[in-house]
Participant: 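I am attaching a structure below and will ask some questions about it afterwards.
Residue numbers start from 1 in every chain, and the chains themselves are labelled A, B, ... in the order their sequence lines are given, proteins ahead of strands. Just so we're clear, the structure is a prediction, and the values are computed from it rather than from any experiment.
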Amino acid sequence: MEDFNQLIQIRKEKLDKIREMGINPYPYEFDQSHKSRDIKDHFEDLEEKEVSIAGRMMSVRLMGKAAFCHIQDEQGRIQAYIRKNEIGDQGFELFKILDIGDHIGIHGQVFKTRTGEITVFAKEIRLLSKSIRPLPIVKEKEEDGQKIVYDQFADKEMRYRQRYVDLVVNPEVKEVFIKRSQIISTMRDFLNQQGFLEVETPIMQPIYGGAAARPFVTHHNALDRDFYLRIANELYLKRLIVGGFDRVYEFAKDFRNEGMDRFHNPEFTMMELYVAYKDYKWMMEFVERIFNHVAQRVLGTSKITVGTYEIDLAPPWKRLTMFDAIQEFTGQDLTDMDEKALRKVAGKLHVELEPEMGRGKIIDEIFGELVEPKLIQPTFIIDYPLEMSPLAKKHRENPRVVERFEPIIAGKEVANAFSELNDPLDQRARFEEQMKLKARGDLEAQEMDEDFLRALEIGMPPTAGLGIGIDRMVMLLTNQPSIRDVILFPQMRPENK
RNA sequence: GAGCCAGUAGCUCAGCUGGUAGAGCAGCGGCCUUUUAAGCCGUUGGUCCGGGGUUCGAAUCCCCGCUGGCUCACCA
């Protein structure tokens, strides 16, 4: 059906014509000597010199027996000038039937046109790959240094579904993903330098744990049993601390079977790390350092723009206990309230609750509704209610809260950390509490994990743990409004044809 | 899950209160050997998201559905 598309049909005919000319439209290699930006950056050295460039043809201006076109390679675009008497009759015949979107290689001499654009004067043209499906044509014009874009490929659905087109045609999209890669490799280098060991733990888990979320289920045929795609890798990394690795980390794809919106994709990247003999106070400084380091390395500054906010990631960040934060923004002191009292306060504050919510969840609800969105500059919220943190260690001075923190930036949490619970009996009791919540209808309550408990019984040293939502971190550092703009292939409903 | 908005040519869009579809770019045929949103002349191209309904007549009005976006809800 689509094959009947006239534009594709014409290009297929061109393919035949090219073959008739004795040219293979899909050859095997091309020796590229330079890339576009390199040529522009080193024009003084390269002027009059011969270079070979390769890339996708993105525009053509044909003028009788000569033509200009722009070639787009990994680094950007560069203009080429083609002249019939220079590349010969057959070369020019070929050039004339090339289309925007074709990959070509050009060998020629670097020069500057009359209007001052650095250009390659073609001596030879090679077709490297014929494109038979038209690309959206985006045109640009420079005016007073301002770039005006015409007919931008803007349909979000098509951009996400056909990311390959988005990347070809919208150069700023490519920038985001280059930065994403740099953010991750900068973090990895930083961690390696700090003595961390990068490890890999199971994605298919018999018991899911380490977070509160509903899982995806899959089936193993040979064992004839279900496995869960991990919602977190926390419990495995802690087993490694038990095993004697003192600093471990993993960039993990986690999977949560929940709603999708601009902050949630069903599969996402979490970087978790664990450090033996440290606590959450140490971890707070570490988080400040990591964010600041990455921003400095990748962006060259600690100051970032997020939407309309100007945010400075330079340490130290503000620290507020959860109860103090709630008091600051609502005037209510929830510290000693039981569930009944909390429900009353929530009603007064117009925060809606579900019947199955326990004390911890209610507090979190109030916080998430009334406080979190107002925390714009980096802020550590510390000391969470015990009930909502079954894997965190009780606070050394206050047994009703745990030693846990989340850094909030631009109204959104970007990480989560605690002094890890290593008392095996307490951990068992906490799991049991979770079972009760589960019985009450909380679908996200954690499962009892006997093997993990066995590991704690063997003994885990005092440990601090951290999870950073990489996608959200990339959103922050690249000022992207949606998680889909920082994931190359975001989850979409499958196209039905 | 709810509300709002959108879906028309390969792309970006116009088509008001119903009268059988239009522009720019791209494509195709010409002219043009330093252009750059190249230009000039000519020209092809559409299950107007899908299905029903109202009507002499529907891209347009009504209903149902599909897909997406935004907001809210949910969500560590």
Participant: Using the P atoms only, state how far rG42(B) lies from rU34(B), rounded to an integer number of Å.
Facilitator: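 Result for the P pair: 25 Å, nearest Å.
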
Participant: Strictly under 6.0 Å, is that where the ring centroids of Phe418(A) and Tyr280(A) end up?
Facilitator: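 Aromatic pair excluded; centres sit 6.0 Å or further apart.
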
Participant: When you measure from the side chain of Pro134(A), which nucleotide among rA76(B), rA38(B), rG10(B) comes out closest?
Facilitator: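 For Pro134(A), the side-chain atoms sit closest to rG10(B).
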
Participant: Charged N to carboxylate O under 4.0 angstrom, Asp383(A) versus Arg400(A)?
Facilitator: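 No, no charged N to carboxylate O under 4.0 Å.
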
Participant: Checking base pairs now: Watson-Crick or wobble, both atom distances under 3.5 Å. What partners rG42(B)?
Facilitator: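 Matched rG42(B) with rC28(B) under the 3.5 Å cut-off.
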
Participant: Quick one: which of rC28(B), rA73(B), rA37(B) gets closest to the side chain of Asp261(A)?
Facilitator: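 That would be rA73(B).
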
Participant: Ion pair present between Lys436(A) and Glu432(A), side-chain N to carboxylate O less than 4.0 angstrom?
Facilitator: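 Result for this pair is no, no salt bridge flagged.
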
Participant: Write down the distance between CG (Asp151(A)) and C1' (rC13(B)), rounded to a whole number of angstrom.
Facilitator: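 Rounding to the nearest Å, CG of Asp151(A) and C1' of rC13(B) are 8 Å apart.
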
Participant: Taking only the P atom of each, what is the distance from rA38(B) to rC28(B) in whole angstrom?
Facilitator: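 Straight-line distance between the two P atoms is 16 Å.
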
Participant: Measuring only the C1' atom in each nucleotide, how far is rC64(B) from rU17(B)? A whole number of Å is fine.
Facilitator: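 Comparing C1' positions in rC64(B) and rU17(B) gives a spacing of 25 Å.
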
Participant: What nucleotide, of rC25(B), rU33(B), rA76(B), holds the atom closest to the side chain of Gln446(A)?
Facilitator: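 Side chain of Gln446(A) sits closest to rA76(B).
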
Participant: For rU71(B) and Arg262(A) - does any side-chain N or O of the residue sit under 4.0 Å from the phosphate oxygens OP1/OP2?
Facilitator: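 Yes, Arg262(A) has a side-chain N/O under 4.0 Å of OP1/OP2 on rU71(B).
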
Participant: Verify the contact: side-chain N or O of Arg161(A) to OP1 or OP2 of rG68(B), cut-off strictly under 4.0 Å; return yes or no.
Facilitator: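 Answer yes for this pair, as a side-chain N or O of Arg161(A) is under 4.0 Å from OP1 or OP2.
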
Participant: Does NZ or CZ of Lys253(A) come closer than 6.0 Å to the centre of the six-membered ring of Phe268(A), within 45° of the ring's axis?
Facilitator: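 The answer is no; the distance or angle limit is not met.
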
Participant: Within the structure, does a side-chain N or O atom of Arg214(A) lie under 4.0 Å from either OP1 or OP2 of rC75(B)?
Facilitator: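 So the side chain of Arg214(A) is outside the cut-off, no N or O lying under 4.0 Å from OP1 or OP2 of rC75(B).
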
Participant: Using whole Å, report how far CD of Gln9(A) lies from P of rA9(B).
Facilitator: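 Whole-Å distance recorded here is 20 Å.
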
